[in-house]
Amino acid sequence: MEASKPIWIWRWARPVRNEIALLLRTPSGRIGLPLIALHLFIAIVGPSLTPYPHTEFHLENRLEGPSLEFLLGTDQFGRDLLSRILSGATSIITMSVLGSTFGIAIGTAIGIASGYKGGIVDEVVMRIMDGFMSFPGLLLALLVATMARELEIPLMSAQFEEKVFIVITIAVVFIPRVARVLRSATLTIKELEFVQSARLRGEPGWYIVFREILPNTAPVLGVEASVRLSYAILLASSLGFLGLGVQPPSPDWGRMINESRQFITTSATFTLVPALAIATLVIGINLVADGLREAHQLPKETPQ
Amino acid sequence: MARFFIVRISLILVTLLFVSASIFAMTETLSGDAATAALGQGKTDENVEALRKKLGLDDPPHVRYLNWLGGVVQGDFGNSLRDGQPVGGLVLARLGNSMLLAAFAFGAGVPAAVAVGIWAAVKKDSLIDRLFSVFSLVAISLPEFVTGVVLIIIFSTTLGWLPSSSLVQPGTSPLSRPEILILPAITLMGVLFAYIMRMTRANLIEELDTNYVRTATLKGLSYRRVVFRHAVPNAMLPTISVITINIGWMLGGLIIVESVFAYPGLGRLLLTSIETRDTPLLQALALILAAAYSISNLIADLSYAALNPRVRLN
């Protein structure tokens, strides 16, 4: 029984390795995967690799271009841009990943439950989801983010709290959109024979939902996850740009671009460095999403 | 058709009722109290209390919501907390500017995107097609504020062709200096342009592979006629649904684009109202944006039905 644990891990590792192998066979995957790997690496170890503390002022070196001393140049206070990019990666990536995870998990639960249950419950739940969908995404995010800022959670530091609220904002925007997609997938799956026979066998509802329906939504969920993740980064960085992201002095890629806007004539690097950081991250995710669809021969879809 | 209209419009009304209630509920938690905000520095406990009574703020929330809704139905959105002006007038002035920008972006961008999509499909797998597909990937991946600042760096600070800020004197129309619309419009269309282009290309390639296209070619029609008369109209339908799906995105983009270029539109006013906690203004703007979203979805559905006789409107 000694070997049971590695085998258990092996069972979960194999699909992941298969996916990576499949991805590396597509041209999009070959470019996208390294880009994502680079960003993940920065998110995990970046904050400990910074050449300077990210809040350190070098007032005699303000708005400089790249040099040997400051590899990517400096901002309006002479802070090292490389250090700020490296230490800003963790927050935007964790917030986007967590926000999408919660949004997809709750949205999936609502969508599958509503689709499986059907009838009046389905009708009511979906009308409420439609109601939330009639807000343009960013408007809903702005309202939720502004409202969340007024709340205070006890026993939580302000820096942690604002990140929690951004995660909540992303999740709230995603829930109705994910629920709608998963509901329509469920409506198709629940009419299939294996679900009918499970029902005739007298299996309980939770069994049918978790063991029969959920595993069969995997392809839909996979596509949804990649689309949501890239949109989460756009949303989180847009909130940052509009000043509703992580507050100073923590570095936020979106807010860096906003701050750089007034110095754009003096120093283009100040703007271009965070712009490049956001762009490569989202391009990487979109390329991997394209690669996954190509590898599984799913149709190209457009996100909402 | 008439039935479809009535059903859809009443659905929009129900949606807006829900939207107005959620906007009201969300913004109610905001400033805490309009009376405190309005009195500012000179507030004392007594005059805050008096003003609260005068403004009806001591009513329970549902009464205040119904009062607000009653006003909105009659076109009265209340007064701005900042300068006491009627919100309706403030919003109306900016609404025109935003619509101008959106119409300019849409009018120039959609036909251009369709044209490029057709071009890429006809020249499938050529160098130009590959270039366009790389371009569309980049355009889809960049948030509007990144596209915006990069365009400013290229066309304003480096080349000096276009102004970097779209600020106009209050009271003058942006049309007095049309060049200020160009960069915001390109930024606003970026994502949608790429989606329309990709979709048109993918569908046209599919259509060009069908039997009816082969028949048309075999009966001796010119390639141009086969493409434009037979294949393109059929390839356009999914493109329209792409536009529909992305209208909400574009309205969000408007908020960001106006902020990047300091364009005096609804989006900028919305951000100001959030910063200054101007609740009546925020409520009106959020409601207008949600209404614009519902109405443009209806227009998109109607044009879809008009182009596709198989879609029954009911």
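- The heavy-atom pair separating A/Leu143 from B/Ala286 by the smallest distance is CD1-CB, 4.3 Å.
- Once rounded to the nearest 0.5 Å, the distance linking CD1 of A/Ile128 with CZ of B/Phe18 reads 6.5 Å.
- Heavy atoms of A/Leu140 lying under 4.5 Å from chain B belong exclusively to its side chain.
- Between the CD1 atom in B/Ile152 and the OG1 atom in A/Thr271 there is a gap of 8.5 Å [rounded to 0.5 Å].
- In this structure, B/Leu254 and A/Leu138 have side chains that are not in contact, with every pair of non-hydrogen atoms separated by 4.5 Å or more.
- The contact between B/Leu289 and chain A is made by backbone and side chain atoms together, counting heavy-atom distances below 4.5 Å.
- Each of B/Leu251, B/Thr147, B/Ile256, B/Thr15 has some count of heavy-atom pairs under 4.5 Å with chain A, and the biggest count is that of B/Ile256.
- Closest of all the heavy-atom pairs between A/Arg261 and B/Val149 is CD-CG1, 4.2 Å.
- With a 4.5 angstrom heavy-atom cutoff, B/Thr157 touches chain A only via side-chain atoms.
- In terms of heavy-atom pairs under 4.5 Å with chain B, the best-connected choice from A/Ser238, A/Ala141, A/Gly243 is A/Ser238.
- In A/Phe132, the CZ atom is not crowded: 12 or fewer heavy atoms of neighbouring residues, nucleotides or ligands sit closer than 6.0 Å.
- For A/Pro136 against B/Ala290, the heavy-atom pair with the smallest separation is CD-CA, 4.4 Å.
- A/Ile283 touches chain B through backbone and side chain together, each having a heavy atom under 4.5 Å away.
- Counting only heavy atoms from C-beta outward, the side chains of B/Ile23 and A/Phe135 approach each other to under 4.5 Å.
- For B/Leu159, the CG atom is densely surrounded, since the number of other residues' heavy atoms within 6.0 Å is greater than 12.
- Distance check: A/Ile278 CD1 to B/Ser141 OG gives 12.0 Å after rounding to the nearest 0.5 Å.
- The two residues B/Ile140 and A/Leu234 make their nearest non-hydrogen contact at O-CD1, 4.4 Å.
- Shortest non-hydrogen contact noted between A/Ala279 and B/Leu142 is CB-CD2, 3.2 Å.
- At a 4.5 Å heavy-atom cutoff, the contact between B/Val260 and chain A is made by backbone and side-chain atoms alike.
- Using a 4.5 Å cut-off between heavy atoms, B/Leu270 touches chain A through its side chain atoms alone.
- B/Phe145 pairs by the ring pair (Phe, Tyr, Trp, His ring centres under 6.0 Å) definition with A/Phe241, not counting sequence neighbours.
- Checked against B/Leu137 for a side-chain contact (heavy atoms from CB on, under 4.5 Å), the options A/Ile31, A/Val282, A/Leu287 give a single hit: A/Leu287.
- The shortest side-chain heavy-atom distance between A/Leu242 and B/Ile274 does not fall under the 4.5 Å cut-off.
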